[in-house]
Amino acid sequence: MNTADMQRRITDAVDDAFDRQMETTKQFSAIPSTRGAEGPCQDMMHDLLRVRGYEVDDWHINTDDLKDLRGYGPIEHDFSHARTVVGTYRPTRDAGRSLILQGHCDVVPAGPLDMWDTPPFTPTIKDGWLYGRGAGDMKSGTIAALYALDALHAAGLKPTARIHFQSVIEEESTGVGALSTIQRGYRADCCFIPEPTDAKLVRSQVGVIWFRLKVRGKPVHVFEAGAGANAIKAATYLVEALEELEEEWNRRAASDRHFKSVKHPINLNPGIIKGGDWASSVPAWCDVDCRIAVLPGWSIAEHQAEIVACVDAAAKKHPFLAQNPPTVEWSGFLSEGYELTGAEESEAVLRKAHEAVYGNPLKELAFTALTDTRFYGLNSNIPSLCFGAKAEAMHGFNERVEVESLRKTTRAIALFVADWCGVEPI
Ligand SMILES: [Zn+2]
């Protein structure tokens, strides 16, 4: 069989199963797998892998095993049910290059339901888009990878290299799901994560630090508010100081070779605010959970120290905070940025697959969000590709993924696997 014939057989097999793929994608996206509630998604993935004949490893994550690994972020919630699921395909003849295919099944909260046109966990196809929380980021990508492997089988082919199909959690808050696969010992010649990138290859991506400002005040009755100190107002003052640090980091980013062309790549986000106990009492406490980005090559420890120094310096200039200094807690991500390097071999294979499906050259992307690829690239020196479908409003309302872009992504993944791992007739 020549290459063109083989490619056609594979892409036809993707098309033949595409309706079923969309059904599975909808079922997977219907599970409200926010942080701590990923169990049913992992159960579904376990079953999908088992019925296909993969050797399934399904384990509880023990954070004690991970604490000292590079990129670990502290966990604050009940983690006793947290699991990772890996399905392994072992070739009868091992002749190609091994592969990790990975997706995360955790999703961010849906937010106020009345702001969605259709319920977030009732996946709905409308005007060529599949709507739902997690439909884009990134349940459709995980299912696309699964059906890409199915398509090889349906085309009468089997890979000639080991494949680990990994379903992880915690991508949206610490990354310890991906980290757990490394701790468990999973390795391959290449990792591929089909996050939605609009058919572009992620060349460089930011890292992220999560922190919590803990600010105290002095509670008094509001009629004598001048005698008290308002913790909510003081927290706002500290966030403004941190915005100056954000601008300083953006000035530094102007000399980064990939991010210099991205406008404002470092974003500070105060994402959660809690504080006070009573409308007529000056608030005695305020906690603000923040996220800020760092670029590849920037040390996490040094940038943590800059955050603390910024908060300390601002507090010293504040009448109440100077005597009652706020504290900074690390509340999740402590993740480095990642630049894809040393991946020429796998990139070339993806370029070929992309060209065959899309008919034009593969474009690259400097990504202002993070993905799990960093763990494979930085911890294990495994080149880690991120490439996938077209999605919009990730983390927003009416999150959606374009259905035709999913079909193309699935074809591209299938061709990539066939070429990277090698295939032989069943
Ligand atoms: Zn994602």
Side-chain angles (χ1 to χ4, degrees), residues 42 45-46 48-49 52-59 61 66 69-71 83-91 94-106 138-139 141-152 158-171 175-195 197 201-202 205 335 338 340-350 353 370-388 409-410 412-423:
Q42 293 295 54
M45 191 48 72
H46 182 131
L48 287 168
L49 291 164
R52 285 165 167 78
Y54 294 92
E55 178 187 308
V56 178
D57 185 9
D58 181 341
W59 74 95
I61 304 172
L66 307 176
L69 298 182
R70 180 173 180 174
R83 286 152 56 213
T84 307
V85 174
V86 175
T88 295
Y89 163 83
R90 285 183 207 288
D94 204 346
R97 295 164 287 199
S98 56
L99 177 66
I100 288 169
L101 282 170
Q102 181 171 297
H104 68 85
C105 66
D106 55 313
M138 63 166 287
K139 288 175 170 175
T142 311
I143 301 300
L146 189 72
Y147 274 79
L149 298 180
D150 287 359
L152 299 182
K158 57 181 182 179
T160 54
R162 181 168 40 84
I163 299 172
H164 300 300
F165 193 100
Q166 307 187 158
S167 178
V168 302
I169 64 169
E170 283 284 322
E171 193 271 349
V176 300
L179 199 56
S180 76
T181 70
I182 291 170
Q183 186 272 333
R184 190 83 160 179
Y186 288 103
R187 300 288 185 277
D189 296 320
C190 168
C191 171
F192 189 119
I193 300 185
E195 289 268 13
T197 66
L201 171 66
V202 176
Q205 61 188 278
S335 302
Y338 173 53
L340 177 65
T341 55
E344 291 74 13
E345 244 186 272
S346 51
E347 281 180 39
V349 173
L350 181 60
L370 87 179
T371 74
D372 278 333
T373 50
R374 66 188 182 281
F375 290 111
Y376 302 94
L378 298 175
N379 294 36
S380 305
N381 212 17
I382 297 171
S384 192
L385 309 177
C386 185
F387 169 92
T409 298
T410 313
I413 297 172
L415 295 182
F416 175 85
V417 176
D419 195 353
W420 179 258
C421 298
V423 284

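The model shown is predicted, which means the values in this text are computed figures rather than measured ones.
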Donor-acceptor under 3.5 Å ([X] side chain, [Y] main chain):
X    : Y    : result
W420 : S98  : yes
R187 : I182 : yes
E195 : G141 : no
E171 : H104 : no
T197 : G388 : yes

Non-hydrogen side-chain atoms of [X] and [Y] separated by less than 4.5 Å:
X    : Y    : result
L49  : L146 : yes
Y338 : T371 : no
L201 : L340 : yes
F375 : T181 : no
S167 : Q42  : yes
I61  : L179 : no

For the residue pair [X] and [Y], what are the closest heavy atoms and their distance?
X    : Y    : answer
L378 : R70  : O-NH1, 3.6 Å
K139 : C105 : CE-O, 3.5 Å
G175 : R374 : CA-NH2, 3.9 Å
L99  : C421 : CB-SG, 3.9 Å
A414 : L152 : O-CD2, 3.6 Å

Steps toward side-chain contact (heavy atoms from CB on, under 4.5 Å) verdict (V86, M45): CA-CA 9 Å; V86 175; M45 191 48 72; over 6 Å; no
Interatomic spacing from [atom1] in [X] to [atom2] in [Y] - rounded to 0.5 Å:
X    : Y    : atom1 : atom2 : result
T88  : E55  : OG1   : CD    : 5.5 Å
Q166 : I100 : CD    : CD1   : 4.5 Å
H164 : C191 : NE2   : SG    : 11.0 Å
F387 : E347 : CZ    : CD    : 12.5 Å
L385 : S346 : CG    : OG    : 4.0 Å
I169 : R83  : CD1   : CZ    : 9.0 Å

Option from I413, V417, I163, T373 for which side chain to side chain contact (heavy atoms under 4.5 Å, CB included) with F192 holds: I413
Passing candidate, side chain to side chain contact (heavy atoms under 4.5 Å, CB included) with T84, options V168, V176, D58: V168
Residues that A95 engages under side-chain contact (heavy atoms from CB on, under 4.5 Å), provided they are two or more places apart: R93, T160
Residues which pass salt bridge (Lys or Arg N to Asp or Glu O under 4.0 Å) with D57, listed by chain and number, not counting sequence neighbours: R184
Contacts of type salt bridge (Lys or Arg N to Asp or Glu O under 4.0 Å), residue R97, not counting sequence neighbours: E345
Plane angle bin for Y54 and Y89 - parallel if under 30°, tilted between 30 and 60°, otherwise perpendicular: perpendicular
